[in-house]
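As structure tokens, the structure follows; a few thoughts come after it.
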Amino acid sequence: MKKKVYVKSYGCQMNAYDAERMADVLAPEGFIETNSAEDADLIVLNTCHIREKAAEKVYSELGRLRVMKDERTAAEGRAPTIVVAGCVAQAEGGEILRRAPAVDLVVGPQSYHNLPALLAKAKRERVVDTEFPVEDKFDHLPAPSPQKIRARGVSAFLTIQEGCDKFCTFCVVPYTRGAEISRPAAKILAEAERLAAAGVREFTVIGQNVNAYHGEGPDGRTWSLGRLLHRLADVPGIARLRYTTSHPRDMDDDLIAAHRDLQALMPYLHLPVQSGSDRILAGMNRRHTRDDYRRIIDRTRAARPDIALSSDFIVGFPGETDADFEDTLRLVRETGFASAFSFKYSPRPGTPAAEMVEQVPEDVKSARLAALQDALEEDRQKFNRAAVGRTFDVLVERKGRHAGQMAGKSPYLQAVQFDDGEVAIGDIVAVEITETGPNSLFGRRAGQAGASGTIVRAVGANAA
Ligand code: SAM
Ligand code: SF4
């Protein structure tokens, strides 16, 4: 009989990718995926530890699951197995078993390929596995079926790099995800070809520090991200490439040139800056200045003039003064971001910044976050309003809410809705933008000709 697994993923794209891989590991064990915890035999919380709130959410969810587990044991005589995976699992390990009695298994991000064996063991005793094993987990992950790939959509994440050696003083990633490693290019390309053959049209290659990629190429040399993107653009069927998340220090010449040379590389760059103050950037151990960041943006814009920018910001890092915060606002005004993520600094146990004496009071952090988000939202809306009257190539991802409506993404990751019953999921069509909403753009098919000329179905090579 088929068993059901419910995987709930928190946090970044790396976790979204890992959640799918966990489902793939469990499929040969007879597990099918369900969207509801209530009818699942196995519940996996794939957790995030980046900010305190993210970790606390997991403990409150575990409190709810404990009640459900007790109720189902009373009503059905059996209860679901509960697994905590991801970065909270890695950081807290056995502490989770102490705080959350409903949990049967705690498994870190580097060990989930061992899930079947760990689940068998968890039938006898509660288990914690937060090792960093020597074998490459990617070698042990079964490939999903073409049907499953198709069901997951035409836009796919592809992990090329994991871990981080940068040690920004606020960040837990180097501790929870370990040292930086890059997958060999041949293995990435084999996965890319399998995904594209099943109908994937867009890859977002991901890594905690994706542009630090330095994997072994099939020629025995070390490949940069720029080099890898060129090869990925040649995978038949692939029309669009993106990459995230990058560090300013790793924006090398190859990568900037790829923005100039590869039509498939979308004109959208997520490049976290965190702060506009050199003093704070030094305290964060970012190892770049505000001017370094501006110069990288200038070079990237010179290579690809239509590029749009996105970033991450932290406000209220220890020691941040009003003047430092003003520097951040000034950077925002000078740069113009199409979108951005912004957070209040959250002290993470075990990181150097958590021990710094000049912690910023919560009310000051809140006021700065509100001011920053107002400035960023103004820019986002300005960027979206500027789309009205323009024609974009839209990758069709799904049906819209209403009959005949389709939904997809612009090159700038904007959600676009338009009416047309004839196009298919996976097509790239020219859409003239007629209106903007709070979170989407609306438009109409731009006849036979438009930004892309016609509907584009499964084209291969993309080098301009
Ligand atoms: N590797 C990326 C980089 O170098 O910027 C970021 C990875 S992190 C998963 C995503 C974002 O979370 C960071 O860019 C930062 O803005 C935010 N972040 C990380 N640690 C944080 C903390 N302790 N408090 C608040 N925000 C944090
Ligand atoms: Fe964290 Fe990114 Fe800094 Fe690495 S580079 S420590 S992942 S913020």
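These numbers come from the heavy atoms of this one structure, side chains and all, not from hydrogens, waters or symmetry mates. First listed ligand is number 1; within each ligand, the first listed atom is number 1.
Electrostatic pairing of Asp292 and Arg287 does not count as a salt bridge here, judged by no charged N lying under 4.0 Å from a carboxylate O. Taking a cutoff of 4.0 Å between a charged side-chain nitrogen and a carboxylate oxygen, Asp291 and Arg294 do not qualify as a salt bridge. A salt bridge is absent between Lys53 and Glu56; no separation between the charged side-chain nitrogens and carboxylate oxygens falls under 4.0 Å. With respect to the salt-bridge test (charged N to carboxylate O, under 4.0 angstrom), the residues Arg279 and Asp324 qualify. Salt-bridge check for Arg177 with Asp18: passed, with a basic side-chain N closer than 4.0 Å to an acidic carboxylate O.
Partners of Glu397 according to the salt bridge (Lys or Arg N to Asp or Glu O under 4.0 Å) rule, which considers only residues two or more places apart in sequence or in another chain, are Lys409.
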Output, in order, the C-alpha distance, side-chain angles, deciding distance and verdict of side chain to side chain contact (heavy atoms under 4.5 Å, CB included) for Leu329 and Leu372. CA-CA 7 Å; Leu329 284 180; Leu372 176 62; 4.1 Å; yes

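The distance criterion of under 3.5 Å between nitrogen or oxygen atoms is met by Phe170 with respect to ligand 1. Not one N or O of Ser246 is nearer than 3.5 Å to an N or O of ligand 1, by distance alone.
Neither the backbone nor the side chain of Cys12 has a heavy atom within less than 4.0 Å of ligand 1. Only backbone heavy atoms of Gln208 (N, CA, C or O) come within less than 4.0 Å of ligand 1; its side chain stays farther off. Looking at Phe343 against ligand 1, only its side chain comes within 4.0 Å, counting heavy atoms.
The protein non-hydrogen atom at the shortest distance from atom 6 (C) of ligand 1 is Thr245 CG2, 4.1 Å. For atom 25 (C) of ligand 1, the nearest non-hydrogen atom of the protein is Lys344 O, 3.3 Å. Atom 15 (C) of ligand 1 has its closest protein heavy atom at Gln274 OE1, 3.4 Å. In this structure, the protein non-hydrogen atom closest to atom 22 (C) of ligand 1 is Ser346 O, 3.7 Å. Among protein heavy atoms, the minimum distance from atom 10 (C) of ligand 1 is reached at Asp312 OD2, 3.6 Å.
You'll find the ring centres of Tyr243 and Tyr213 outside the 6.0 Å limit. Separation of the Tyr412 and Tyr268 ring centroids does not fall under the 6.0 Å cut-off.
Taking a cut-off of 2.8 Å, the protein N, O or S atoms nearer than that to atom 3 (Fe) of ligand 2 are Cys168 SG.
Taking a distance limit of 4.0 Å, we find that atom 13 (C) of ligand 1 is approached by some protein heavy atom.
Under the 3.5 Å distance criterion, the side-chain polar atoms of Lys137 are matched with a main-chain donor or acceptor of Pro109.
At least one heavy atom of Ile50 sits less than 4.0 Å from an atom of ligand 1. In this structure, Arg286 is part of the shell of residues with a heavy atom less than 4.0 angstrom from ligand 1.
Seen from the ring of Tyr59, Arg99 counts as a face-on cation partner, given the 6.0 Å and 45° thresholds.
Among Phe170, Phe337, Phe325, the single residue meeting the ring-ring contact (aromatic ring centres under 6.0 Å, His included) criterion with Phe313 is Phe337.
For the residue pair Asp312 / His270, a side-chain donor-acceptor distance below 3.5 Å is found, with atom types taken as modelled.
Close contacts between ligand 1 and His247 involve ligand atoms 4 (O) [criterion: under 4.0 Å to a heavy atom]. Using a 4.0 Å cut-off to heavy atoms of Arg51, the atoms of ligand 1 that qualify are 12 (O), 17 (C), 18 (N), 24 (N), 25 (C), 26 (N), 27 (C).
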